[in-house]
Number of protein chains: 2
Amino acid sequence: MTKKPETAAAAAIPVPPRDGPPEEVQIATLLARIGGLHTSAVATVLAPLDLRPKQFGVMNMVALADGPSQGEIGAAMGIDPSGLIATIDELEQRGWLERRRDPSDRRRNIVALTPAGRTKLTEGREVARRRAQELTAPLSAKERRQLRDLLAKIA
Amino acid sequence: MTKKPETAAAAAIPVPPRDGPPEEVQIATLLARIGGLHTSAVATVLAPLDLRPKQFGVMNMVALADGPSQGEIGAAMGIDPSGLIATIDELEQRGWLERRRDPSDRRRNIVALTPAGRTKLTEGREVARRRAQELTAPLSAKERRQLRDLLAKIA
DNA sequence: TATTGTTATACTCTATAACTATA
DNA sequence: TATAGTTATAGAGTATAACAATA
């Protein structure tokens with residue numbers, strides 16, 4: 001590439017792409033678009049289970065941390081804890097989650113999955129896994145490993 | 001890999017990961033998270049320009065197609081055209097976009113950037129490009145090319 | 001005083017149905 | 001009758017400030 005450096009100064013400047021946006025913009029655009037489409041695809045497959053992405057996200061966080069406070073869930077999900085109240089309320093009403101007052105600090109609510117919640121989470125993970133398989137289907141096993149490593153490097 | 005196929009049947013089954021979620025779920029999760037974070041990061045750098053992501057998206061689509069109808073913009077962005085009205089209204093009020101009745105089909109609105117809109121779009125692309133550079137900064141040139149190709153294969 | 005959870009409010013985006021004007 | 005744009009409405013997500021209970 002850069003076949004014809006007309007001057008030394010010109011050669012030092014990254015070659016501007018002739019057709020499209022620069023490579024890093026292409027990557028960012030693809031990441032945003034693929035990520036967004038996958039998020040809504042997951043929403044679609046979760047819908048028959050009566051699960052919205054945010055609810056699924058909370059249940060996953062609770063399962064991963066097992067025993068987090070509401071503030072910790074919010075921090076892990078990158079949203080303000082006040083935005084979790086309604087979601088946790090609804091999950092609790094459905095019997096999938098429960099709040100327990102932390103005995104050592106009675107301001108905190110420890111959140112835990114119920115057995116029914118654990119079952120529902122397993123179902124959600126199953127359909128999400130199938131959707132993830134379809135997403136990565138065009139890639140070979142080697143390419144999948146490459147992609148995962150590259151994404152991990154960015155994240 | 002799959003070093004110890006205990007039986008023929010076991011060897012035919014993909015090795016379940018011991019620690020975390022399967023690879024395709026890792027990829028999907030990383031894609032959704034990175035994509036979402038980048039989207040909100042772009043929103044943050046666009047905010048000082050008085051541009052929201054959706055407005056920036058519309059202006060980009062108009063620049064790419066140059067002369068699209070509102071329905072075509074919606075199709076390209078994957079949203080219902082009714083969800084574009086308010087956005088185009090606002091961009092038109094600011095003098096960055098204009099609607100022109102299509103003479104050959106007076107139902108259609110041709111949307112076009114004004115000179116001021118083109119300037120604003122250039123500014124937006126500039127800050128978005130800088131943000132994309134930061135996103136891909138951890139990667140080498142070779143890795144960036146790999147990542148772009150892998151993402152293109154998925155998309 | 002500071003922190004946890006809660007409530008209330010506002011704003012953006014999305015989805016849907018009904019309306020109009022053109023075809 | 002079909003299509004392009006528009007309007008109105010409702011729901012979900014997010015952000016912010018103020019408040020009560022607890023530390």
Side-chain angles (χ1 to χ4, degrees), chain A residues 32-33 35-37 39-44 46-47 50-59 61-62 65 67-94 97-112, chain B residues 32-33 35-44 46-47 50-59 61-62 65 67-93 97-112:
Chain A
R33 259 192 35 209
L37 286 177
T39 298
S40 61
V42 168
T44 301
L46 284 178
D50 262 314
L51 265 184
R52 270 165 298 157
K54 193 179 179 183
Q55 299 171 329
F56 183 55
V58 168
M59 292 175 75
M61 287 302 173
V62 171
S69 71
Q70 299 184 194
E72 285 161 353
I73 298 172
M77 295 180 65
I79 62 179
D80 192 280
S82 71
L84 283 178
I85 309 291
T87 300
I88 297 180
D89 281 351
E90 197 176 343
L91 292 174
E92 196 170 30
Q93 280 163 14
R94 295 193 195 174
L97 235 54
E98 54 181 25
R99 292 171 164 102
R100 300 173 192 153
R101 221 73 205 173
D102 183 342
S104 70
D105 181 347
R106 297 173 29 71
R107 288 172 307 181
R108 294 163 49 95
N109 276 338
I110 302 295
V111 182
Chain B
R33 259 192 34 209
L37 287 177
H38 180 254
T39 297
S40 62
V42 169
T44 301
L46 285 177
D50 261 314
L51 264 184
R52 269 164 298 155
K54 194 180 179 182
Q55 301 172 328
F56 183 56
V58 169
M59 294 176 74
M61 287 301 173
V62 172
S69 70
Q70 298 184 194
E72 286 162 351
I73 297 172
M77 295 180 65
I79 63 178
D80 191 278
S82 71
L84 283 178
I85 310 292
T87 300
I88 297 179
D89 282 350
E90 197 176 343
L91 292 174
E92 198 171 27
Q93 282 163 14
L97 234 56
E98 55 182 23
R99 292 170 163 105
R100 300 174 192 152
R101 222 73 206 176
D102 183 342
S104 69
D105 182 346
R106 295 173 31 70
R107 288 172 306 183
R108 294 162 48 96
N109 277 337
I110 303 295
V111 182

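Each chain gets a letter, A, B and so on, in the order the sequences are listed, and its residues count up from 1. Quantities reported herein were computed from a predicted structural model and do not represent experimental measurements.
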Contacts of type salt bridge (Lys or Arg N to Asp or Glu O under 4.0 Å), residue [X], not counting sequence neighbours:
X: B:R100; value: B:E98
X: A:E90; value: A:R52, A:R94
X: A:D50; value: none
X: B:R101; value: none

Outermost nucleotides of DNA chain D that come under 4.0 Å of a non-hydrogen atom of chain B
D:dA2 to D:dT7
Nearest-nucleotide wise, let me know which of B:E72 and A:R106 is further upstream toward the 5' end of DNA chain D.
B:E72
With sugar-phosphate meaning primed atoms plus P, OP1 and OP2, does [X] contact a base, only sugar-phosphate, or nothing at under 4.0 Å between heavy atoms?
X: B:D102; answer: nothing
X: A:R101; answer: nothing
X: A:D80; answer: base

Generate the contact string for nucleotides 8-14 of chain C. Rules: B means base contact, S means sugar-phosphate contact only, - means no protein heavy atom under 4.0 Å.
----SSS
Does a sphere of radius 6.0 Å around CZ in B:R33 hold more than 12 heavy atoms from other residues, nucleotides or ligands, not counting ones at 6.0 Å or beyond?
no
With hydrogens left out and only the distance checked, is there a donor-acceptor pair under 3.5 Å joining A:R107's side chain and the base of C:dT3?
yes
Can you tell me which residue pairs pass the side-chain hydrogen bond (donor to acceptor under 3.5 Å, both in side chains) test with a partner in residues 35-44 of chain B, sequence neighbours excluded?
none
For residues 80-87 of chain A, run the donor-acceptor check on the side chains, cut-off 3.5 Å, and write out each pair with its distance to 0.1 Å, sequence neighbours left out.
from	atom 1	to	atom 2	distance (Å)
A:D80	OD1	A:S82	N	2.9
A:D80	OD1	A:S82	OG	2.9

Distance check needed: [N] [atom2] versus [X] [atom1], whole Å only.
X: A:I73; N: C:dG5; atom1: CD1; atom2: C1'; value: 12 Å
X: B:R108; N: C:dT22; atom1: CZ; atom2: C1'; value: 13 Å
X: A:I88; N: C:dT7; atom1: CD1; atom2: C1'; value: 15 Å
X: A:I85; N: C:dT6; atom1: CD1; atom2: C1'; value: 5 Å

When you match A:G71 and B:D105 each to their closest nucleotide on DNA chain C, which lands nearer the 5' end?
A:G71
To the closest 0.5 Å, what do you measure between CG (B:L51) and CG (B:L91)?
7.5 Å
Sequence neighbours excluded, the answer for side chain to side chain donor-acceptor pair (under 3.5 Å) partners of B:S104 is B:D102
